[in-house]
Amino acid sequence: MSPGDAGSALIVIDVQKDFCPGGALAVADGDAVVAPVNRILRRFPVRVLTQDWHPAGHLSFAANHPGAEPFSTTRMPYGEQVLWPVHCVQGSEGAAFHPGLEAGPADLILRKGFRPAIDSYSAFFENDHVTPTGLAGYLRERGVTAVWLAGLATDFCVAYSALDAAALGFSVTLLEDACRGIDLDGSLEAARGRMRECGVAVARAEDLVV
Ligand code: VGL
Ligand code: ZN
């Protein structure tokens, strides 16, 4: 399938100020995804943007675990959880989209990570891997069978979304030049490996021909 086909969707993950240089959980070069995303968004018939959207008391924040350092890990009932700096607090400046992102053409803005006790990297499921966000139903009702992924961060929210999309039966393509990673202890290579194993294709936004 190609981006212009009726069953194609672009899903742009978390292109928010806090994940861009100067933000609370800045991804190196994170703002470099804005231009390629703007260039390709209108080429897809279905366009979804996601926003990481946490309450201030969110348990993925190190600040809510006395004595814990950011980027350390803890056990949650659903598995291991990285403890992050406070980021993307609902309604805060940092949770806003990067000001250069053209959000106007988006069909759906999906917010995730709003349940205080569970993180949600994926646009499809919370980190317990069972609580759905509703995105799969939205895409299916719109006849989507193939998704292209861009945004931040390659090794967390983008990878989790790609792996879930593949498991849900969507054809999945990662747009590698429209993503940037955090790379915590080799997480970028690990995520690339898992995506490859799960049949996620890799392409470049700059090469998309519609
Ligand atoms: C993300 C860490 C915490 C992401 C969100 O968008 O990749 N990473 N929350
Ligand atoms: Zn988050």
Side-chain angles (χ1 to χ4, degrees), residues 10-34 37 48-65 68-74 76 78-98 101 103 106 109-129 131 133 135 147 149-165 172 174-176 178-192 194-195 200:
L10 181 66
I11 304 176
V12 180
I13 304 290
D14 301 359
V15 182
Q16 293 164 269
K17 287 186 181 177
D18 269 345
F19 295 123
C20 291
L25 180 41
V27 178
D29 213 19
D31 51 352
V33 308
V34 171
V37 166
V48 178
L49 308 182
T50 71
Q51 267 180 314
D52 210 35
W53 198 251
H54 300 307
H58 200 255
L59 287 185
S60 77
F61 297 164
N64 293 323
H65 298 259
E69 290 295 322
F71 304 105
S72 63
T73 55
T74 190
M76 296 287 216
Y78 52 83
E80 194 169 70
Q81 170 73 49
V82 179
L83 295 177
W84 302 106
V86 173
H87 65 278
C88 296
V89 172
Q90 296 173 358
S92 68
E93 260 309 291
F97 287 123
H98 183 286
L101 182 73
I109 294 173
L110 181 99
R111 289 168 169 173
K112 62 186 179 62
F114 47 76
R115 290 186 177 83
I118 183 164
D119 210 357
S120 189
Y121 293 153
S122 165
F124 292 93
F125 291 101
E126 313 253 332
N127 284 11
D128 62 2
H129 302 294
T131 307
T133 63
L135 181 57
V147 299
L149 285 163
L152 305 170
T154 316
D155 40 349
F156 287 92
C157 292
V158 177
Y160 275 64
S161 300
L163 293 169
D164 282 346
V172 187
L174 179 78
L175 294 171
E176 60 174 359
C179 298
R180 290 295 183 279
I182 295 175
D183 204 13
L184 201 59
D185 299 327
S187 56
L188 194 52
E189 260 325 292
R192 286 201 180 112
R194 275 201 308 281
M195 287 191 275
V200 174

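Numbering of ligands and ligand atoms starts at 1, following listing order. Note that the structure is a prediction, hence the values are computed from the model and not measured. Residue numbers run from 1 in the order of the sequence given.
Taking CZ from Arg111 and OG from Ser120, the interatomic distance works out to 14.0 Å, rounded to the nearest 0.5 Å. Separating the NE2 atom in His129 from the CG atom in Asp164 is a distance of 7.0 Å, to the nearest 0.5 Å. Once rounded to the nearest 0.5 Å, the distance linking OG of Ser92 with NE2 of His87 reads 10.0 Å. Taking CZ of Arg192 as the reference point, atom CG of Leu174 lies at 8.0 Å (rounded to 0.5 Å). Considering CG of Asp18 and CG of Asp52, their distance stands at 9.0 Å, rounded to 0.5 Å. Within the model, atoms CZ of Phe61 and CH2 of Trp84 stand 11.5 Å from one another, a figure rounded to the nearest 0.5 Å.
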Could you give the side-chain donor-acceptor pairs of residues 19-32 under 3.5 Å, partners two or more places apart or in another chain?
| unit_1 | atom_1 | unit_2 | atom_2 | d |
| --- | --- | --- | --- | --- |
| Asp29 | OD2 | Arg180 | NE | 3.2 |

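Tally of protein N, O or S atoms closer to the Zn ion (ligand 2) than 2.8 Å: 3.
Listed by first and then second residue, the side-chain hydrogen bond (donor to acceptor under 3.5 Å, both in side chains) pairs that reach into residues 149-162 are Asp155-Ser187, sequence neighbours excluded.
For the side chain to side chain contact (heavy atoms under 4.5 Å, CB included) with Cys179, the lone residue among Leu149, Val158, Val37, Ile13 that qualifies is Val158.
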When you pair each N or O of ligand 1 with protein N or O atoms, which pairs come out under 3.5 Å?
| unit_1 | atom_1 | unit_2 | atom_2 | d |
| --- | --- | --- | --- | --- |
| ligand 1 | 6 (O) | Asp14 | OD2 | 2.7 |
| ligand 1 | 6 (O) | Leu152 | O | 3.3 |
| ligand 1 | 7 (O) | Ala153 | N | 3.0 |
| ligand 1 | 7 (O) | Cys157 | N | 3.0 |
| ligand 1 | 9 (N) | Asp52 | OD2 | 3.0 |
| ligand 1 | 9 (N) | His87 | NE2 | 3.1 |

